[in-house]
Amino acid sequence: MGAKSSAGRPRAAVRTAGLGLSGAALLLLLSGCSLEGFGKAFGNFGWPSNGISLQAHKMYDLWIASVIAALVVGIFVWGLIFWCVIRYRKRGDELPVQTRFNMPMEVLYTVTPILIVAVLFYYTAIVQTDVDKLSKNPDQVVEVVAFKWQWQFNYRDGMGAEAKTVASTVGSADVIPLLVLPTGEKIRFEETSKDVIHSFWVPELLFKRDVFPGNVRNTFEVTLDKEGRYVGRCAELCGTYHAFMQFELVAVSPAKFDAYLKAKEGGATTQEAMATIGEKPYATTTVPLNTRRQDSSWNQSGAVAAGK
Ligand SMILES: [Cu+2]
């Protein structure tokens, strides 16, 4: 009897594992075999799906693939738990066989998690390296200058602090600065701050990087793949008017971008240059905050209590 049941147990475990794996494979198949299709079918598993850069899409894929790996392991473990609960449920008052020091099992449940973590680490390292990768010859170089409490964007003729600015846009309390950039090109950002630490953040890039004062020049690159207008913010609390530090990323076609930059180089203002490429001259995703405190904009408890 003993020999028969010990041969049956591993087979049942293998069967449960097989069921779990084929279930996960079936789900993937049904979702159209793409990570994006699978993710969309399940609400992207909480990951922002509105990325607008090649880097953002890679991060999305890593997340969905990690969740699938977790689900496969989860289904397998749930299967084992339920199998044990049913197969070894209490049948009498007799003490079951006590097993200890099962070497193969102990090796298995030590090696398996290490393998899983190693594989997840491997793909994370690949995607992270890719997101952080700097090309030798970026198509555009933009110097991001942060200051209390606005942004200046300098279009440069080369890389590094020694390169020259060919055109620039600066924000004010009244006008949100527009960061016009082309799609499909490698854009390199070089960040520097005039005062304290700020952080350049466009939510749709799924990326932000701190902007340091002094001789630290943080750099990163993105390749945009979706035209449109996206709000940008400062993501590092930098003082009283931190919330005023908004800008707008305007992703346009390379042809439009070239025309825009040419107009700027010719001395046009940002608004005039936007008009020449048929784009709205001011930000559309956000508006400057009202700096003047009035009853209507000063929403402290006093105004509320007064019924205004
Ligand atoms: Cu800031």
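Note that ligands are numbered from 1 as they come in the structure, with each ligand's atoms numbered from 1 the same way.
When each of Glu190, Glu143, Lys164 is paired with Asn154, the side-chain hydrogen bond (donor to acceptor under 3.5 Å, both in side chains) condition holds for Glu143 and for no other.
For the atom pair Ile52 CD1 and Glu204 CD, the distance stands at 6.0 Å (nearest 0.5 Å).
Inclusion of Cys238 in the first shell of the Cu ion (ligand 1) is supported: an N, O or S atom falls under 2.8 Å. With a cut-off of 2.8 Å, the Cu ion (ligand 1) has no N, O or S atom of Ser199 in range.
Salt-bridge formation is not detected for the pair Arg209/Glu191: no Lys NZ or Arg NE/NH1/NH2 atom is positioned less than 4.0 Å from an Asp or Glu carboxylate oxygen. The residues Lys148 and Asp195 are annotated as not salt-bridged, no charged nitrogen and carboxylate oxygen being separated by less than 4.0 angstrom.
When distances from the Cu ion (ligand 1) to the N, O or S atoms of His198 are compared, ND1 comes out shortest.
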